[in-house]
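Here the structure comes first, spelled out in structure tokens, and everything after it is commentary.
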Amino acid sequence: MRRREFVVGALGAGLAASTMPDRVLDGMPEALSGASQGTSRSTGGMASASQLRTAIPFGAAVRVDYLADQFDYKTAILEHCQIVVGEGGLKWIDLRPTRDDFVFDQPDRLIAFADANGMKMRGHTLAWYGAMPDWTQQIASEAEAEGELVRHIETVVGRYKGRIPSWDVINEAIADNPTADAPFRDSIWYQRLGKRFLELSLRTAAAVDPDVQLVINDYAIENPTEQCRAKREALLAMLRDLKDRDVPLHAVGIQGHLLGDQEIDKEGLSRFVEEVSGLGLEVLVTELDVIDNKLPASTYDRDQIAAATARDFLGAICDVKRPGAILTWGITDRYTWVPMWFTRDDGKPNRPLPLDVNYRPKAMMQVIEDFTRVPA
Ligand code: 9MR
């Protein structure tokens with residue numbers, strides 16, 4: 001039986017046992033573990049009390065076009081993943097080519113694939129500075145920004161209500177070098193609405209689909225650098241502020257685009273997860289990969305270092321709290337965003353993901369299995 005079949009039931013309150021294929025139920029452990037997750041709302045859609053002894057659900061970002069025409073790619077996703085998230089498709093640039101249009105083609109195809117294969121789909125993302133179509137620059141006033149943002153979230157979350165159990169509502173809201181006075185990243189939403197765009201987005205999504213897990217997603221928090229320390233602090237301050245005001249929010253997505261040549265700040269990361277947990281929030285790993293442009297040329301050495309980096313990162317999180325899900329940002333080195341920004345000086349292709357270009361598992365896949373598998 002494939003791993004997917006053991007753990008697919010772990011993907012959400014939304015997937016009732018009665019709707020699961022028999023083959024899934026066959027593999028589900030019955031007893032619950034002592035994991036800290038309960039039945040509370042904060043577990044969101046990605047894990048429920050019935051699977052406390054099951055594995056951490058694993059997933060990957062997917063390019064939906066390749067699912068249709070590349071057999072090996074589709075097979076790899078089916079073999080390894082219980083969750084999918086569109087690498088694109090739900091971003092404004094894809095969904096909103098013009099102010100009046102919503103183009104749901106890509107996410108509709110991905111959710112059909114997920115449904116047909118007993119998988120869950122995460123939604124990425126509703127309020128982000130990046131991947132914005134040019135027309136959004138014309139959003140001129142606070143009222144107009146509020147109108148556009150609310151209409152977008154109502155329409156998109158509404159379309160997948162009850163089907164997408166977990167949304168990255170806010171993506172990368174913290175500045176790259178945040179200070180106490182200027183913690184937020186520039187975006188059309190921040191320019192027009194100030195930090196109110198956070199609350200507005202979360203409240204709107206919650207009103208449309210009260211069962212959805214609302215996630216704030218961010219990156220660059222895991223290294224022992226001043227930048228990461230400042231990002232963790234700014235992120236925590238933002239989370240505290242939202243919780244203090246009873247804004248609906250259930251989880252933090254730690255992206256995990258790890259810099260292979262830098263150490264993981266295990267203590268700092270564990271402490272961060274503890275603080276997040278103390279706020280009653282779940283943690284997800286949402287975009288794991290290892291940026292390897294500064295690592296040795298040797299394939300073997302590079303893969304070992306990447307795997308060790310991923311192990312340190314996942315260990316620092318799991319030591320404190322079991323994440324509700326672990327997703328990598330792609331599945332195969334064949335298709336990855338990394339060379340868009342981090343090509344190697346020696347011209348060798350990047351190797352950031354768990355499977356190589358020929359879909360063979362690398363050391364990183366073993367690490368992921370160690371953290372996600374059903375306990376013996
Ligand atoms: O991997 C994605 C790439 O294909 C897109 O061109 C880019 C812009 O939409 O976004 C990349 O994904 C990013 C994700 O949405 C947010 N976190 C960082 C990811 C890598 O850049």
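Read the numbers this way: they start at 1 and go in the same order the structure lists the ligands and their atoms. Because the structure is predicted, anything quoted here is derived from the model rather than measured.
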Under 6.0 Å from the ring centre and within 45 degrees of the ring axis: does the NZ or CZ of [X] meet both conditions for the six-membered ring of [Y]?
| X | Y | result |
| --- | --- | --- |
| R96 | F102 | yes |
| K266 | F313 | no |
| R159 | F104 | yes |

Salt-bridge test for [X] and [Y]: reply yes if a basic N is under 4.0 Å from a carboxylate O, no otherwise.
| X | Y | result |
| --- | --- | --- |
| R373 | D370 | yes |
| R99 | E144 | yes |
| D356 | K362 | no |
| R229 | E233 | yes |

Can you tell me the protein heavy atom closest to [atom] and the distance?
| atom | result |
| --- | --- |
| atom 21 (O) of ligand 1 | W337 CE3, 3.3 Å |
| atom 19 (C) of ligand 1 | E287 OE1, 3.5 Å |
| atom 16 (C) of ligand 1 | E172 OE2, 3.2 Å |
| atom 7 (C) of ligand 1 | K91 NZ, 3.7 Å |

Return yes or no for this condition: an N or O of [X] is under 3.5 Å from an N or O of ligand 1.
| X | value |
| --- | --- |
| H124 | yes |
| R63 | no |
| N171 | no |
| W128 | no |

As an exercise, identify every atom of ligand 1 less than 4.0 angstrom from a heavy atom of [X].
| X | value |
| --- | --- |
| Q255 | 17 (N), 18 (C) |
| A131 | 9 (O) |
| E87 | 1 (O), 2 (C), 3 (C), 4 (O) |
| M340 | 6 (O) |

Task: ligand 1-proximal atoms of W329, by part, heavy-atom distance under 4.0 Å - done: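 Under 4.0 Å from ligand 1, W329 contributes side-chain atoms alone.
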Task: Under-4.0 Å heavy-atom contact with ligand 1, by part of T125 that carries it - done: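 Contact part for T125 vs ligand 1: neither.
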Task: Matching residue for Q255 among D289, T286, N171, D218 - test: side chain to side chain donor-acceptor pair (under 3.5 Å) - done: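 Looking at D289, T286, N171, D218, the match for Q255 under the side chain to side chain donor-acceptor pair (under 3.5 Å) is N171.
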Task: Ring centers of H257, W337 separated by less than 6.0 Å - done: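 Ring-ring flag for H257/W337: true, centres closer than 6.0 Å.
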